[in-house]
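Heads up, the thing below is written out as structure tokens.
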Amino acid sequence: MPKDVNDKKEKKENKHFFKDFKAELKRVIWPTPKQLVNNTVAVITIVLITAVIVFALDFVFKTVDDYGINKLKEVVGTRNEESNTTTSNEEKNDTTNNTANEANNTTTNNEVNNSTTNNQANNSTNNTTTNNTQN
């Protein structure tokens with residue numbers, strides 16, 4: 001018995017659903033063929049205008065991006081060249097200064113060595129003279 005009751009309820013609900021569905025479709029205000037064409041043309045026109053705007057913006061941004069990237073590469077490349085040139089000049093100056101310093105150090109060392117040798121020679125001469133005088 002419970003099966004029969006459930007089956008009857010389902011059939012009744014299905015009939016009720018389709019009746020309501022049919023009643024709703026009768027209440028719908030369907031567009032006339034002229035309205036349908038006008039609305040379709042309006043939608044297609046808006047879609048095309050939007051597509052053109054998106055294409056134009058994409059093209060502009062791509063062009064600006066390409067130009068901007070290339071311009072940045074040029075600027076960075078120029079700065080790197082200037083930096084390398086400056087670094088090379090600084091290295092040349094450092095090398096020149098180091099060479100000059102080494103030359104000065106060598107000269108100073110030679111002078112000190114000569115002075116030391118002269119002093120030693122003078123000292124031995126003085127010692128010899130003193131020894132001779134004492135004898």
Euclidean distance, [Y] [atom2] relative to [X] [atom1], rounded to 0.5 Å:
{"X": "K22", "Y": "L25", "atom1": "NZ", "atom2": "CG", "answer": "10.0 Å"}
{"X": "L48", "Y": "I53", "atom1": "CG", "atom2": "CD1", "answer": "11.0 Å"}
{"X": "I69", "Y": "E74", "atom1": "CD1", "atom2": "CD", "answer": "12.0 Å"}

(request) Report yes or no: does E24 contribute a side-chain atom to a donor-acceptor pair with the main-chain N or O of F21 at less than 3.5 Å? (result)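 Flag not set: sc E24 to bb F21 has no pair under 3.5 Å.
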(request) Could you work out the complete set of other residues in the hydrophobic cluster of F18, with links drawn between I, L, V, M, F, W and Y side chains under 4.5 Å apart? (result)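 Grouped by the 4.5 Å side-chain rule, F17 form the rest of the cluster around F18.
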(message) Which Ile, Leu, Val, Met, Phe, Trp or Tyr residues join L36 in one cluster when any pair of side-chain heavy atoms under 4.5 Å counts as a link?
(response)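 None; L36 is a cluster of one.
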(message) Tell me whether V52 shares a hydrophobic cluster with I44, the cluster being built from Ile, Leu, Val, Met, Phe, Trp, Tyr side chains joined at under 4.5 Å.
(response)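 As far as the 4.5 Å side-chain criterion goes, I44 and V52 are not connected within one cluster.
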(message) Same cluster or not: F59 versus Y67, using hydrophobic residues (I, L, V, M, F, W, Y) connected whenever any side-chain heavy atoms lie under 4.5 Å apart?
(response)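 No: no chain of side-chain contacts under 4.5 Å links F59 to Y67.
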(request) Please report the C-alpha distance between D66 and K62 in whole Å, then the side-chain angles of each, then the deciding distance to 0.1 Å, and finally whether the salt bridge (Lys or Arg N to Asp or Glu O under 4.0 Å) criterion is met. (result) CA-CA 6 Å; D66 289 344; K62 184 179 182 304; 3.3 Å; yes
